[in-house]
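By convention in this document, chain letters (A, B, ...) are assigned in the order of the sequence lines, proteins followed by strands, and residues within each chain are numbered from 1.
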Amino acid sequence: MSEADCVTCGDSVALPDDVEIGEIVDCGSCGTELEVVGVDPAELAKAPELAEDWGE
Amino acid sequence: MEVGLLYSRIRPDEKLLLTALREHGHEVHKVDVREVTFGLDAPPEPLGDCDVVLDRCLATSRSRYASRFVDHYDLPVVNSPETAKLCSDKVETTLALSAAGVPTPETTVAFTTEAALDAIEAFGYPCVLKPVVGSWGRLMAKLDSRSAAEAVLEHKATLGHYEHSVFYVQQFVEKPGRDLRVLTLDGEPVAAMSRSSDHWLTNAAAGAETTAFDLDPEAEQLAREASQAVGGGLLGVDLMELDGPDGDAYTVHEVNHTVEFKALDAAVDVDVAAAVVDWLETKVASMDDGSDPTPAEVQP
């Protein structure tokens, strides 16, 4: 399991072993929705806001 | 196979697909559509080397154009841009279902608030006002009174985007506290679940309780016909059960072309992602030997 820093609060966020670039994780400390933008090394960015045409 | 996967967000559904594809020994090329461009002559790398491209874009607009470009490059794409076009717009879906004789809720479209109010009054209350593009139950309005209708119409007219001035008015279907989701692969039902909620919206994304559901032959046949009406592929067909003394037992209210199946996968015994990959393998093999098993092309 890897870790990366939350871009909002700086706390450490645990990432699953099979983490994928493009996956979304929540910061357990501040609740920010984060996008995984790198896996080696792990890196997070603030996830895009919900857009009107998102969905299935 | 080499499989291209178009995405802008890896949802649990894409993760299930990626895992299943890799476990089946396929090489997956993830392409973030936010980072590439689509020109007229050649696909963005590495799509050109792919045997098939899966459109799993989260944004409907990106899905429609990206799948259109992939098709333009003569690369097999699931789902087809024609299917994406029909499924991503509720007006198109309704017309396609109606043209195919698939039972679907009574619907009227209007282009002004005045005409929309006339349509709403003709349906009576309650009725439903839906955005023509949208998902997860967002911006859906159950209208219980004329005053509520007037307020919602005014809000929609001032939202700005022209799509909100295409007023899609639909009968309110009294369903038994649930609707049904069927995942189909070129029309063949793979798994189904019910989505139950005390709320009139029963989307899994809105928190509905999901349970495996055994389809009867009529529901299976409707799922097939709904799939064929939009051109087949990997689809989520949504049905509501009707309780009328005569007539149809079901009505099809939606067909989803970038179907989310995490909740379905958890509710049923079927490994949905593995079934999708099995189907994809067969589909690509059939294309290779010239016996494409896809259903008849639709005329959007």
Does the side chain of B:Arg34 reach to within under 4.5 Å of the side chain of A:Pro48, using non-hydrogen atoms?
yes

Heavy-atom cut-off 4.5 Å, strictly under: side chain, backbone, both or neither for A:Glu35 against chain B?
side chain

Crowding at CD, A:Glu49 (>12 non-hydrogen neighbours, <6.0 Å):
no

Go through the atoms of B:Arg64 and report whether side chain, backbone, both or neither lie under 4.5 Å from a heavy atom of chain A.
neither

Using a 6.0 Å cut-off, check whether atom CD of B:Glu2 has over 12 heavy atoms from anything other than its own residue.
yes

Does the side chain of B:Trp136 reach to within under 4.5 Å of the side chain of A:Leu50, using non-hydrogen atoms?
yes

Looking at every non-hydrogen atom in both residues, tell me the closest pair between B:Arg138 and A:Gly55 and how far apart they are.
NH2-N, 4.4 Å

Testing B:Lys15, B:Lys30, B:Arg11 for salt bridge (Lys or Arg N to Asp or Glu O under 4.0 Å) with A:Glu20, which one passes?
B:Lys30

Does A:Glu56 pair with B:Arg56 as a salt bridge, N-O distance under 4.0 Å?
no

Report yes if some heavy atom in the side chain of A:Glu52 is under 4.5 Å from a heavy atom in the side chain of B:Thr60; otherwise report no.
no

Greater than 12 external heavy atoms within 6.0 Å of B:Tyr65's OH:
no

How long is the gap from CD1 on A:Ile21 to CD1 on B:Ile10, to the nearest 0.5 Å?
9.5 Å

Polar side-chain atom of B:Arg9 near backbone of A:Ala47 as donor-acceptor pair, under 3.5 Å
no

Over all heavy atoms of both residues, which pair between A:Gly22 and B:Tyr7 is shortest? Give the atoms and the distance, please.
CA-CE1, 3.9 Å

When only pairs under 4.5 Å are counted, which of B:Val133, B:Leu58, B:Val259 shares the most heavy-atom pairs with chain A?
B:Leu58

Could you tell me whether a side-chain N or O of A:Asp53 sits under 3.5 Å from a main-chain N or O of B:Ser61, the two making a donor and an acceptor?
yes

